[in-house]
Amino acid sequence: MSMLLAAFAGGAGGEAGKQALEGAWKLVRRPFQRPAHLPVASSGEAELVALEQAPADPALAQQLSMALGMRAAMDPEFASELTAWEGQAKLVRIENSTVYNNTINGGIHGMTIQAGRINHVYNQTEAKS
């Protein structure tokens, strides 16, 4: 989730990304329904402001993600709304996106090609026809 938030805060995704970020704002601004016996936790608003000011900082994206996760753990209604938001946000196509934490380990010999979305799956029966 932190990469999605950082991408949207940085302006990725065009109008859909902007709407996804607005949805995140609506979530963090809704009243925090934390039971009184649980510790005080961030609503996520301060972390979202900080991320919008420095969207390329992965630590800020992670802090926001953690704040939202803590809030979701304390507020089941928020948790379901956050899950719904994340599901919709994942559908936003981010052009010219950056790949993070990309690692290839062992057993690879020769050239490796990495691609974004590939819409056609090669089928051996196609090769014979």
Side-chain angles (χ1 to χ4, degrees):
M1 175 174 15
S2 62
M3 288 191 295
L4 275 174
L5 290 163
F8 297 145
E15 186 58 33
K18 184 177 179 182
Q19 289 176 4
L21 187 61
E22 288 174 12
W25 270 112
K26 286 179 185 175
L27 274 175
V28 299
R29 286 185 175 142
R30 72 182 283 283
F32 195 164
Q33 303 299 320
R34 179 186 58 81
H37 69 282
L38 293 177
V40 175
S42 173
S43 69
E45 191 167 349
E47 292 84 353
L48 187 51
V49 168
L51 182 60
E52 281 192 312
Q53 292 173 354
D57 187 340
L60 293 176
Q62 186 62 34
Q63 288 173 4
L64 174 57
S65 185
M66 288 174 45
L68 296 177
M70 289 293 293
R71 183 173 172 181
M74 294 183 211
D75 182 349
E77 186 178 326
F78 179 81
S80 65
E81 290 178 17
L82 181 62
T83 299
W85 175 86
E86 186 176 13
Q88 289 298 309
K90 286 180 178 178
L91 299 176
V92 175
R93 183 181 169 102
I94 300 174
E95 299 294 332
N96 301 320
S97 62
T98 303
V99 176
Y100 297 92
N101 299 327
N102 188 23
T103 306
I104 299 174
N105 292 319
I108 305 294
H109 302 286
M111 185 186 306
T112 302
I113 299 174
Q114 188 170 325
R117 173 181 256 168
I118 299 174
N119 294 320
H120 182 76
V121 176
Y122 178 76
N123 186 331
Q124 287 184 348
T125 58
E126 291 177 319
K128 294 177 183 176
S129 48

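Keep in mind it's a predicted model, so treat the numbers as computed, not measured. Along the sequence shown, residues are numbered consecutively beginning with 1. Atom set for the values below is all heavy atoms of this structure, side chains included, hydrogens, waters and symmetry mates excluded.
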With sequence neighbours excluded, give me every salt bridge (charged side-chain N to carboxylate O under 4.0 Å, His left out) pair touching residues 57-76.
-> R30-D75

Could you pull out all residues at least two apart from E47 that satisfy side chain to side chain donor-acceptor pair (under 3.5 Å)?
-> S42

Closest heavy-atom contact between A9 and L21?
-> CA-CD2, 4.0 Å

Any donor-acceptor pair under 3.5 Å from T83 side chain to A79 backbone = yes

Give a yes or no on whether a salt bridge exists between K26 and E22, defined as a side-chain N under 4.0 angstrom from a carboxylate O.
-> no

Under 4.5 Å between side-chain heavy atoms, hopping through other hydrophobics if needed: is there a path connecting W25 to L51?
-> yes

Minimal non-hydrogen separation, A67 against G44, with atom names | CB-CA, 4.1 Å

Are Q88 and L91 close enough, and set up right, to give a side-chain contact (heavy atoms from CB on, under 4.5 Å), and what steps lead you there?
-> CA-CA 5 Å; Q88 289 298 309; L91 299 176; 4.0 Å; yes

Nearest heavy-atom neighbours spanning V92 and A16 | CG1-CB, 3.8 Å

Of all heavy-atom pairs linking A20 and F8, the shortest is CB-CE1, 3.6 Å

Would you kindly confirm whether F78 and W85 end up in one hydrophobic cluster when ILVMFWY residues are joined by side chain heavy atoms under 4.5 Å apart?
-> yes

Assess whether atom CE of M74 is packed by more than 12 heavy atoms of other residues, nucleotides or ligands within 6.0 Å.
-> yes

Could you check L82, L48, L68 and say which one makes a side chain to side chain contact (heavy atoms under 4.5 Å, CB included) with L27?
-> L82

With sequence neighbours left out, what residues match R29 under side chain to side chain donor-acceptor pair (under 3.5 Å)?
-> none

